[in-house]
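Heads up, the thing below is written out as structure tokens.
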Amino acid sequence: MGRETVSSSNVTVTFDGQRCIHSRHCVLDRPDVFVPNVKGAWIHPERATPDEVLELAHNCPSGAIQCQHPDGTAMELPPLVNTVRVRENGPLAFHAELVVAGRPDGLRATLCRCGASQLKPYCDGSHTAAGFTATGEPPTQESNPLPRRNGPLQIDPTTNGPLQVSGPLEVVSGTGRTITRVTDTWLCRCGHSANKPFCDGSHAKAGFVSGD
């Protein structure tokens, strides 16, 4: 499934099928707007208010759902706190003003941490078939409050290695607990680190090939 854009009189919705990780918030929260299992048109922004469509976009962790005003201006604002949520047995869900591999990349993205995605650095759902297991509740680390908690977040996928993340970031567990606060860190994406979600160098021994 590719990119689809559907407009009503007061909102434009863009859906990127490649980015979707099937969290299903959209079809469960508003099955009248995102209608599952139908042939033909399945996105109906005219059935919701702009604020309701914006809420659906906010609940899409991968950024597959984006919404704009009819004139093309953005509706979603950057968060006040940059976060990455460690999803149980799944990807890293970022919410920040993202710059991925040198390119602006919206405000939400789910990046692979199992090593099996064919769409690296993005998650494509391969962790399920690969049987990837990794806790979403790593231990809390001592850290100090950041002087600034938002702003651009640079994510650089290193060749055959981890994600280097630069900028203010709070690493958050699946239940919302702050694991640590950083301004520069390396996050595992090979699936082999014994210190997930952080890199411990295991990619070299595992022979990880990033392919991106």
Side-chain angles (χ1 to χ4, degrees), residues 16-23 60-65 79 81-141 143 146 151-212:
D16 186 344
Q18 283 196 317
R19 292 280 288 263
C20 179
I21 63 167
H22 306 289
S23 290
C60 177
S62 68
I65 298 172
V81 181
N82 293 345
T83 58
V84 57
R85 288 183 179 265
V86 183
R87 294 172 66 99
E88 186 82 15
N89 302 331
L92 298 164
F94 287 87
H95 188 202
E97 188 178 349
L98 298 171
V99 180
V100 179
R103 298 184 299 273
D105 199 32
L107 302 176
R108 287 166 287 111
T110 44
L111 302 190
C112 175
R113 70 172 181 134
C114 74
S117 174
Q118 298 300 304
L119 194 63
K120 296 182 187 72
Y122 303 97
C123 172
D124 68 356
S126 292
H127 52 272
T128 301
F132 176 66
T133 58
T135 182
E137 298 292 328
T140 301
Q141 300 180 7
S143 61
L146 298 173
L153 190 71
Q154 178 78 38
I155 303 175
D156 293 308
T158 63
T159 302
N160 302 333
L163 299 170
Q164 182 178 3
V165 184
S166 304
L169 179 67
E170 297 198 13
V171 183
V172 180
S173 76
T175 56
R177 172 176 50 84
T178 297
I179 297 166
T180 191
R181 305 167 181 89
V182 295
T183 56
D184 195 31
T185 192
W186 285 260
L187 300 177
C188 174
R189 66 178 184 135
C190 73
H192 294 278
S193 174
N195 189 35
K196 298 182 186 71
F198 306 100
C199 174
D200 69 355
S202 293
H203 54 273
K205 184 177 180 179
F208 173 64
V209 178
S210 58
D212 54 15

Problem set entry | Test side chain to side chain donor-acceptor pair (under 3.5 Å) applied to Thr133 - qualifying residues, sequence neighbours left out | none
Exercise. Do Arg87 and Ile21 touch side chain to side chain, with heavy atoms closer than 4.5 Å?
Worked result: yes
Exercise. How long is the span from the CG atom in Asn89 to the NE2 atom in His127, to the nearest 0.5 Å?
Worked result: 8.0 Å
Problem set entry | Closest non-hydrogen atom pair between Pro138 and Ile179, with its separation | CG-CD1, 3.2 Å
Exercise. To the nearest 0.5 Å, how far apart are SG in Cys123 and NE2 in His22?
Worked result: 9.0 Å
Exercise. Are Thr110 and Leu92 close enough that some pair of their side-chain heavy atoms sits under 4.5 Å apart?
Worked result: no
Exercise. Mind checking whether Asp105 and Arg19 have side chains closer than 4.5 Å, heavy atoms only?
Worked result: yes
Exercise. Can you check side-chain contact (heavy atoms from CB on, under 4.5 Å) on Val172 and Arg177, steps first, answer last?
Worked result: CA-CA 5 Å; Val172 180; Arg177 172 176 50 84; 5.9 Å; no
Exercise. Side chain to side chain contact (heavy atoms under 4.5 Å, CB included) with Ala96: which residues, sequence neighbours excluded?
Worked result: Asn82, Leu98, Leu153
For this session: Please name the pair of heavy atoms, one in Leu146 and one in Leu169, separated by the smallest distance, quoted to 0.1 Å.
Result: CD1-N, 3.7 Å
Exercise. Which heavy atom of Pro91 sits nearest a heavy atom of Leu111, and at what distance?
Worked result: CB-O, 3.3 Å
Seminar exercise, completed: Closest non-hydrogen contact found for Arg113 with Cys188 is CB-O, 3.6 Å
Exercise. Does any non-hydrogen side-chain atom of Val165 lie less than 4.5 Å from one of Val182?
Worked result: no
Exercise. Any side-chain heavy-atom pair from Asp184 and Ser166 closer than 4.5 angstrom?
Worked result: yes
For this session: List the steps, then state whether side-chain contact (heavy atoms from CB on, under 4.5 Å) holds for Phe208 with Arg189.
Result: CA-CA 9 Å; Phe208 173 64; Arg189 66 178 184 135; 4.1 Å; yes
Exercise. With distance as the sole criterion, is a donor-acceptor pair present between the side chains of Ser126 and Gln118 under 3.5 Å?
Worked result: no
Problem set entry | Criterion side-chain contact (heavy atoms from CB on, under 4.5 Å) on Glu97 and Leu107, from CA distance to verdict | CA-CA 5 Å; Glu97 188 178 349; Leu107 302 176; 4.2 Å; yes
Exercise. So which heavy atom on Cys60 is nearest to which on Ala64, and how close?
Worked result: SG-N, 3.4 Å
Exercise. How many angstroms lie between CG in Leu163 and OG1 in Thr158, if you round to the nearest 0.5 Å?
Worked result: 7.5 Å
Exercise. Just by distance, do the side chain of Arg108 and the backbone of Ile65 share a donor-acceptor pair under 3.5 Å?
Worked result: yes
Problem set entry | Which atom of Gly174 lies closest to which atom of Glu137, heavy atoms considered | N-OE2, 3.4 Å
For this session: Start with the C-alpha distance between Tyr122 and Asp16, add both sets of side-chain angles, then the distance that settles side-chain contact (heavy atoms from CB on, under 4.5 Å), and finish with yes or no.
Result: CA-CA 12 Å; Tyr122 303 97; Asp16 186 344; over 6 Å; no
Exercise. So, does Ser143 use its side chain to make a donor-acceptor pair with the main chain of Thr180 at under 3.5 Å?
Worked result: no
Problem set entry | side chain to side chain contact (heavy atoms under 4.5 Å, CB included) partners for Val209, two or more places apart | Asn160
Exercise. Can you tell me how far the CZ atom of Phe132 sits from the NZ atom of Lys196, to the nearest 0.5 Å?
Worked result: 5.5 Å
